Protein chains: 2
Amino acid sequence: MALILVVDDDPDILKVLKANLEIAGFEVATATNCAETWQFINKRIPDLIVLDLMLPDGDGMDLCRELRKRHISIPVIMLTARDGISDRVLGLESGADDYVVKPFEAIELVARIKACLRRTSLESLERLRAGEIVVDVPKRMVRVRGKRVDLTPKEFELLCLFINHREKVLTRDFIRNSLWKDNKKLYSWSRVIDVHIQHLRSKIEKDPSNPKYIITIPGVGYRFMPSKR
Amino acid sequence: MALILVVDDDPDILKVLKANLEIAGFEVATATNCAETWQFINKRIPDLIVLDLMLPDGDGMDLCRELRKRHISIPVIMLTARDGISDRVLGLESGADDYVVKPFEAIELVARIKACLRRTSLESLERLRAGEIVVDVPKRMVRVRGKRVDLTPKEFELLCLFINHREKVLTRDFIRNSLWKDNKKLYSWSRVIDVHIQHLRSKIEKDPSNPKYIITIPGVGYRFMPSKR
DNA sequence: CAATGGTTGTAAAGTTTCTGTAAAGCCCTG
DNA sequence: CAGGGCTTTACAGAAACTTTACAACCATTG
């Protein structure tokens, strides 16, 4: 059954929700703040997150946005305190899939969770495929020739970028602008990209010194070739 | 609208798929085995093929390989029986663009078909053509008489310049100002341009010593003539 | 008609720039 | 403070660019 991560700073609410969700047949994990949430997510990706808007060490919306930025696209249901319209709009804009206004009936939450899971399981388009490589974006899992491969966040983003722009030549400028958004500055002469390419090759190529997927276009950039049509 | 050819030996599946795809606005043709598939393809090339892996008179992958061998490069979506070994084999062997695991939701298949068509139809834009030469700019790929040709950055820029100014005589001054922007100085007596022309000719001309595309205009420069039909 | 000078084709050598790679340092988190 | 991930650095080798030298060609000229 599906694993639900519930994040709220009120232990009473957590207790009630956990009980109700388990009755409904879900596996339940809990966290009380942003730090714990990340900690959990780094270990195991749940199928859905129930997220309180206000957390002691941060904002639920920021957390949600950050999830999306890292290509973690599992559904998020927000718990908002008041039902001010602005909160709803903000919640949905931040990438949440649904929201429930406190105080709420546990039954309603369960129903929304089920609906959300049903909806998103159909949209399983989050699977990217290129030749012998299969990327399950929500689970952040990559298989190459059937074998599981663990990628770091940067490597994962890089691979997604390549697959979404298959066959096109990506300049280093383009890659830099895609993976190092505004806040993180990166000197134009930095060789980080090349190094990440090196790491990615060593993980997905059969013979990294004779790459079949990530091809170097000297003087320009790199090209991802899923097959040899 | 796009024409989809669905190949499956189960008439029930065919019926369901046909109905769903037509609702989605596609024109649908069906076949139940390899023989029928080839028969159809010889009459009319569809925009996309949905192909069952197991067919009564052959293997979907073989059919797919055969398509590629005949340079029919329309997208193929495979229907595979189960996850597991099959997708490893798929990845290794066939030239399919995507696959869907049975049993599947019709919605997912439609979504994948749309994604696939969107990808491949966008690709046919941004293309330059000149006689037997096809240049795909974002992919930086050049085909001459159907064969792939690798160009260095300077050669590529030079070729694009020629194609964009076809039939016109380009002086060396003009070429120098176009490819060597201000920062890079280039002595007026340098012969670099001639050397690059030489390299380009050796890659795109059938007989480099009797060029048909890049014609020398003595005392002036060069002219690109794609005219031969 | 042969000599001359200017222009282009061509191959090869010289030079510069770019890339692969390993190793080391940094920074954050647990 | 240990470990993992990210970034920098340094250097060797590869690729591309440029120069150079010479042959071929053509037109003009003495």
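By convention in this document, chain letters (A, B, ...) are assigned in the order of the sequence lines, proteins followed by strands, and residues within each chain are numbered from 1. These numbers were taken from a predicted model, which means no experiment stands behind them.
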Sugar-phosphate only, base, or nothing, as touched by Y222(A) at under 4.0 Å among non-hydrogen atoms: sugar-phosphate
Atom [atom1] of [X] and atom [atom2] of [N]: how far apart are they, to the nearest Å?
X       : N       : atom1 : atom2 : value
K154(A) : dG5(D)  : NZ    : P     : 13 Å
E36(A)  : dT29(C) : CD    : P     : 15 Å
F156(A) : dG5(D)  : CZ    : C1'   : 16 Å
Q198(B) : dT20(D) : CD    : C1'   : 13 Å
I197(A) : dC18(C) : CD1   : C1'   : 14 Å
D207(A) : dG20(C) : CG    : C1'   : 13 Å
E157(B) : dA16(D) : CD    : C1'   : 12 Å
K203(A) : dT21(C) : NZ    : P     : 16 Å

R145(B) atom CZ, neighbour heavy-atom count above 12 within 6.0 Å: yes
E167(B), CD: over 12 other non-hydrogen atoms inside 6.0 angstrom: yes
Can you tell me which nucleotide in [options] comes closest to the side chain of [X]?
X       : options                   : value
P218(A) : dA16(D), dT18(D), dT7(D)  : dA16(D)
T216(B) : dT19(C), dT8(C), dT8(D)   : dT8(C)
P153(A) : dT21(C), dT7(D), dG5(D)   : dG5(D)
S209(A) : dT21(C), dA16(D), dT19(D) : dT21(C)
Y187(B) : dC6(D), dT8(D), dT19(D)   : dT19(D)
H196(A) : dT18(D), dG9(C), dT7(D)   : dT7(D)
D194(B) : dC6(D), dG9(C), dT8(D)    : dG9(C)

Hey, is the side chain of [X] poking within less than 4.0 Å of OP1 or OP2 on [N], counting only N and O atoms?
X       : N       : answer
R191(A) : dT7(D)  : no
S190(A) : dT7(D)  : no
W189(B) : dT20(D) : no

Salt-bridge criterion met for K212(A) and D207(A) (N-O under 4.0 Å): no
Most 5' of I217(B) and V195(A) on DNA chain C, judged by nearest nucleotide: I217(B)
Flag, side chain of E36(A) to backbone of T32(A), donor-acceptor distance under 3.5 Å: yes
R176(A) side chain vs S190(A) backbone, donor-acceptor pair below 3.5 Å: no
